[in-house]
**Student:** 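This is the structure I want to talk about, given as structure tokens.
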Amino acid sequence: MELIELLEKNGRMEIETIATMLAMNKAEVEQSISKLEKVKAILGYSAIIDWSKVLDYEGVTAMIDVKVTPTRGVGFDKIAERIYRFPEVKAVYLMSGAYDLSVSIEGKTMSEISRFVSEKLSTLDSVISTTTHFIMKKYKHDGVIFEHEDDDRRIVVSP
Amino acid sequence: MSIKEQASYLSETVKQLRPSGIRRFFDLASKMENVISLGVGEPDFVTPWNVIEASYHSLEQGYTAYTANAGMIELRNQISHYLQATYHVDYHPEDEIILTVGASQAIDLALRAIINPGEEVIVVEPTFVSYAPVVSLTGGIPVAVQTDAKDEFKLQAEQLEHAITEKTKAIILCNPNNPTGTVLQKEELVQIAQVVQKHDLIVLSDEIYAELTYDEAYTSLAAIEGMKERTILISGFSKAFAMTGWRLGYVAGPDEFIQAMLKIHQYTVMSAPTMAQHAALEALTNGRQSVVNMKKSYRQRRNYVVHAFKEMGLACHLPGGAFYVFPSISETGLTAEEFAEQLLQQEKVAVVPGNVFGESGKGHIRVSYAASLEQLEEAMKRMKRFVDGVK
């Protein structure tokens with residue numbers, strides 16, 4: 001468990017460092033990691049990027065609330081799949097509450113996303129309605145605070 | 001009549017008091033830039049957000065007045081529950097607990113309440129730097145007992161026995177220890193308790209780091225049979241909850257002791273800061289998970305740092321608590337002062353030379369691992385380069 005927590009915070013941490021910190025040996029750590037990868041508990045390793053700091057990048061993200069009619073036998077899974085297979089869709093969650101699916105989508109421009117919603121998403125048979133929210137600023141993503149000043153405010157030497 | 005040289009007005013006791021050896025290192029290090037400091041005696045975490053937020057809320061609600069001298073009764077109730085649940089010691093919230101301005105004030109109160117001029121107080125070295133000076137301020141005489149690196153700086157019953165005279169009134173025990181990180185286990189405490197009882201002494205048990213123990217279940221000295229009636233238990237929120245700047249500690253003990261301390265407390269500080277008390281109430285009620293998380297992280301970093309010192313070829317025991325390691329640097333042929341000063345000048349890494357914590361700290365350095373892993377990695381790399389250079 002501690003191993004997963006360390007990797008979740010820093011996927012690039014050296015095996016040797018992990019082993020020392022958890023008082024395990026290198027081989028044990030390697031084994032545990034490949035086991036986790038095999039059972040797909042660890043699905044991949046990625047960087048957390050503040051795209052607003054990447055100069056050439058132009059892009060927008062939207063969260064879309066989608067109401068759908070579930071299909072007999074497969075419930076929401078079938079329609080969710082129809083949606084998540086589009087590569088521009090970054091996340092799909094089944095939600096409790098006012099709508100059914102929460103779809104997160106990334107595109108180059110607002111009109112690109114609007115086109116996706118009107119042409120691809122709303123035209124699906126089981127989709128009843130969509131509400132699109134564009135993200136204006138990211139303050140925190142995946143537990144990481146953007147624009148966070150983490151200067152050490154302690155005095156340099158103290159008893 | 002014109003004023004004489006100001007120094008001549010000072011009290012003799014204060015004139016005798018030497019400034020802490022840590023001060024010199026602070027002055028050196030704070031003049032330099034880009035120093036990685038492992039000389040800090042406090043958590044690298046900021047206080048958990050729910051705790052800060054609770055204090056905001058209390059201010060918004062207008063809780064800006066004094067509290068009862070001993071502190072808010074709700075908070076004393078919580079501390080009483082906490083001490084019972086965590087360490088199995090019973091203290092009555094009404095008359096056996098006082099909220100203080102940091103554990104530091106609790107030490108001052110306890111010593112002032114029990115020490116008559118000329119009475120001796122045993123201080124176990126290497127020691128936190130405040131005990132002996134505060135003993136001197138009360139007119140008492142601090143008597144140092146040295147512990148050995150070979151015992152991982154654990155106080156041995158015979159070492160204690162040896163230091164006791166007919167003037168001995170009390171002993172100050174810091175467990176887990178600052179600066180060595182050593183934790184005395186139950187059976188070791190029992191041995192010490194026997195000597196204490198035999199000579200009818202009082203113990204000031206500074207357990208501020210009790211939450212931060214990593215290997216074995218922690219035992220409070222007050223939980224040892226026959227000790228509660230002669231123990232003044234000192235703790236606080238600074239270390240476990242990352243709340244050093246809030247200045248909130250507490251003292252728990254037998255009614256008679258606590259009531260005596262309360263007299264001093266009411267005349268000298270009135271009550272501990274109100275906003276900090278509201279924060280502490282939240283910390284005890286909803287802050288346990290934060291402590292668990294921080295503790296996990298300290299333990300991982302401790303393992304990393306102890307391993308790094310072994311790789312450097314410096315002897316370093318695996319300390320069971322606090323956030324310090326206390327490696328020996330005698331292999332390098334340098335004194336602790338020389339080591340710390342050269343390391344700072346050459347590699348810009350600040351550590352504290354062990355001799356400032358007493359005679360038995362000579363040849364050692366105190367390294368705090370309350371720093372980010374990235375900082376620790378870089379510091380250990382630099383320190384290794386330094387050690388390889390001088391060896």
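Note that the structure is predicted; figures quoted are calculated from it, not measured. Just so it is clear: chains get the letters A, B, ... in the order the sequence lines come, proteins before strands, and each one is counted from 1.
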**Student:** Please check if the number of heavy atoms outside A:M63 that lie under 6.0 Å from its CE is greater than 12.
**Tutor:** no
**Student:** For B:V352, which atoms come within 4.5 Å of any heavy atom of chain A: side chain, backbone, both, or neither?
**Tutor:** side chain
**Student:** What part of B:P43 lies closer than 4.5 angstrom to a heavy atom of chain A: side chain, backbone, both or neither?
**Tutor:**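 Just the backbone, heavy atoms under 4.5 Å.
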**Student:** In terms of heavy-atom proximity below 4.5 Å to chain A, should B:L28 be classed as side chain, backbone, both, or neither?
**Tutor:**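 Neither part; nothing is under 4.5 Å.
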**Student:** Check every N and O of chain B against chain A and note each donor-acceptor pair under 3.5 Å, with its distance.
**Tutor:**
{"residue": "B:S37", "atom": "OG", "partner": "A:V156", "partner atom": "O", "Å": "2.3"}
{"residue": "B:G39", "atom": "O", "partner": "A:S158", "partner atom": "N", "Å": "3.1"}
{"residue": "B:G41", "atom": "N", "partner": "A:S158", "partner atom": "O", "Å": "3.4"}
{"residue": "B:G41", "atom": "N", "partner": "A:S158", "partner atom": "OG", "Å": "2.9"}
{"residue": "B:E42", "atom": "O", "partner": "A:R154", "partner atom": "NH1", "Å": "2.8"}
{"residue": "B:P43", "atom": "O", "partner": "A:R154", "partner atom": "NH1", "Å": "3.4"}
{"residue": "B:N178", "atom": "ND2", "partner": "A:P159", "partner atom": "O", "Å": "2.9"}
{"residue": "B:K296", "atom": "NZ", "partner": "A:E5", "partner atom": "OE1", "Å": "2.8"}
{"residue": "B:K296", "atom": "NZ", "partner": "A:E5", "partner atom": "OE2", "Å": "3.3"}
{"residue": "B:Q300", "atom": "NE2", "partner": "A:E2", "partner atom": "OE2", "Å": "2.9"}
{"residue": "B:N303", "atom": "ND2", "partner": "A:M21", "partner atom": "O", "Å": "2.9"}
{"residue": "B:R366", "atom": "NH1", "partner": "A:P159", "partner atom": "O", "Å": "2.8"}
{"residue": "B:R366", "atom": "NH2", "partner": "A:S158", "partner atom": "O", "Å": "2.9"}
{"residue": "B:A370", "atom": "O", "partner": "A:R154", "partner atom": "NH1", "Å": "2.9"}
{"residue": "B:A370", "atom": "O", "partner": "A:R154", "partner atom": "NH2", "Å": "3.0"}

**Student:** At their closest point, which heavy atom of B:V129 faces which heavy atom of A:P159, and how far apart are they?
**Tutor:**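 The pair with the smallest heavy-atom distance is CG2-CB, 3.7 Å.
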**Student:** My understanding is that only residues two or more places apart in sequence, or in another chain, count here; which of them pass ring-ring contact (aromatic ring centres under 6.0 Å, His included) with B:F386?
**Tutor:** B:F339
**Student:** Got more than 12 heavy atoms from elsewhere within 6.0 Å of OH, B:Y56?
**Tutor:** no
**Student:** Less than 4.5 Å to any heavy atom of chain B: does that hold for the side chain of A:I155, its backbone, both, or neither?
**Tutor:**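 Looking at A:I155, backbone and side chain both touch chain B.
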**Student:** For A:M95, does the CE atom have more than 12 heavy-atom neighbours from other residues, nucleotides or ligands under 6.0 Å away?
**Tutor:** yes
**Student:** Can you list everything that forms a side-chain contact (heavy atoms from CB on, under 4.5 Å) with B:P142? Sequence neighbours excluded, please.
**Tutor:**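 Counting only residues at least two positions away or on another chain, B:P142 forms a side-chain contact (heavy atoms from CB on, under 4.5 Å) with B:V123, B:A132, B:V135, B:S136.
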**Student:** In chain order, what residues pass the side-chain contact (heavy atoms from CB on, under 4.5 Å) check against A:L55, with sequence neighbours excluded?
**Tutor:**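 A:L55 satisfies side-chain contact (heavy atoms from CB on, under 4.5 Å) with no other residue.
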